[in-house]
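Structure first, then comments.
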Amino acid sequence: QDAEVVRTRDPQRLAQCEVVVDVGGEYDPERHRYDHHQRSFTASMRSLRPDKPWTTKLSSAGLVYCHFGSRILAGLLGQPEDGPVVSALYDKLYENFVEEIDAIDNGIAQAEGEPRYALTTTLSARVGHLNPRWNDPDQDTEVG
C-alpha cells in the first residue's frame, strides 16, 4: 500500500527495486522480476500452472496474474485461495480478460481461421456492459 512506483529502464535503479514488471529483461519470480521481453521467454499459463489449459504466451500482466491473481482474489472475496469460488473466478478472469492482454501484448493474432482467444474488452463491449439488460425492468440509461 505504501509502495513507490518508479518508471525507469535504468538497470541501476531497477536493481534497487523490490518488484520489477515489464522491463529489465528478466523473469525470475523468486526475485520478483516479471518481464517477458527476452527472446528465450516462452512461458504460458499451462507451462507455469499445468492444471490450466491456456497456451497463449504470457505478457508481464499475465505473469503477475499467474503468480498473484488467486491470492488477490481470495483477499478481495474473503475466500480461501484454493477454494472453488476463487478458482472459478481466477479461470474466468484469465480467459475473458487477461489472456487477451497477453495475446495483444505479444502480437498474437486472434485468429487464423478459428479465434484463439476471446476479444471481450473492446470499447464497444465496455460501453455495452453499461447498458441495461434487455429484460431489466428499469431501462433508464440515465440512472447511474
Side-chain angles (χ1 to χ4, degrees), residues 1-136 139 141 143-144:
Q1 128 182 355
D2 297 323
E4 176 188 357
V5 176
V6 177
R7 290 182 48 102
T8 185
R9 294 184 189 278
D10 177 353
Q12 293 177 340
R13 295 266 332 257
L14 292 175
Q16 297 171 7
C17 295
E18 291 179 41
V19 179
V20 178
V21 177
D22 209 33
V23 294
E26 183 179 11
Y27 168 56
D28 183 354
E30 291 181 15
R31 294 183 47 244
H32 294 296
R33 299 309 192 241
Y34 304 99
D35 195 7
H36 68 111
H37 291 105
Q38 317 72 282
R39 288 188 191 269
S40 61
F41 184 85
T42 59
S44 67
M45 188 65 79
R46 182 186 283 168
S47 71
L48 297 179
R49 295 191 57 179
D51 61 317
K52 302 300 180 192
W54 305 285
T55 59
T56 300
K57 180 180 166 184
L58 295 172
S59 67
S60 295
L63 284 170
V64 170
Y65 186 76
C66 180
H67 289 283
F68 298 102
S70 291
R71 188 180 321 166
I72 292 167
L73 291 169
L76 290 170
L77 297 169
Q79 295 281 322
E81 189 174 340
D82 60 353
V85 171
V86 170
S87 180
L89 187 56
Y90 179 92
D91 288 355
K92 284 293 185 187
L93 192 55
Y94 184 77
E95 185 171 7
N96 293 296
F97 184 67
V98 180
E99 185 179 26
E100 178 183 333
I101 295 168
D102 288 343
I104 290 170
D105 195 18
N106 283 303
I108 300 168
Q110 185 186 17
E112 286 176 25
E114 263 318 286
R116 291 188 179 111
Y117 55 91
L119 187 58
T120 60
T121 58
T122 64
L123 182 57
S124 296
R126 290 179 188 195
V127 171
H129 289 303
L130 297 173
N131 293 328
R133 293 192 169 129
W134 69 271
N135 60 351
D136 190 341
Q139 291 290 318
T141 58
V143 175

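Everything numeric in this text was worked out from a predicted model, so none of it was measured.
No more than 12 heavy-atom neighbours from other residues, nucleotides or ligands sit within 6.0 angstrom of CZ on Phe97. More than 12 non-hydrogen atoms from other residues, nucleotides or ligands lie less than 6.0 angstrom from CZ of Arg46.
Here the OG-NE2 distance, from Ser59 to His37, works out to 8.5 Å after rounding to the nearest 0.5 Å. Annotation: the span from Glu81 atom CD to Ile72 atom CD1 amounts to 10.0 Å, rounded to 0.5 Å. From Arg71, atom CZ reaches atom CG of Leu76 across 13.0 Å, with rounding to the nearest 0.5 Å.
Minimum heavy-atom separation, Arg33 to Glu18: NH1-O, 3.4 Å. Across all their heavy atoms, Leu14 and Gly24 have their closest contact at CD1-CA, 3.9 Å. Pairing each heavy atom of Gly62 with each of Val98, the nearest pair is CA-CG1, 3.8 Å. Heavy-atom minimum distance, Ala74 versus Val86: CA-CG2, 3.7 Å.
For Glu26, the salt bridge (charged side-chain N to carboxylate O under 4.0 Å, His left out) criterion is met by Arg31, not counting sequence neighbours. The ring pair (Phe, Tyr, Trp, His ring centres under 6.0 Å) test applied to Tyr94 returns Trp54, not counting sequence neighbours.
Residues Leu58 and His36 fail the side-chain proximity criterion, which asks for heavy atoms closer than 4.5 Å. Ser60 places a side-chain heavy atom less than 4.5 Å from the side chain of Asp35. Within the 4.5 Å cutoff, the side chain of Thr56 has no heavy atoms near those of the Asn106 side chain.
Side chain of Asp105 to backbone of Ile101: no donor-acceptor contact under 3.5 angstrom is found. With hydrogens and angles ignored, the 3.5 Å screen pairs a side-chain donor or acceptor of Tyr65 with a backbone N or O of Tyr90.
Counting only residues at least two apart or in different chains, salt bridge (charged side-chain N to carboxylate O under 4.0 Å, His left out) contacts with residues 48-57 comprise Arg49-Asp51, Lys52-Asp91.
Paired with Tyr34 under the rule side-chain contact (heavy atoms from CB on, under 4.5 Å), one option of Asp22, Val19, Val20 passes, and it is Val19.
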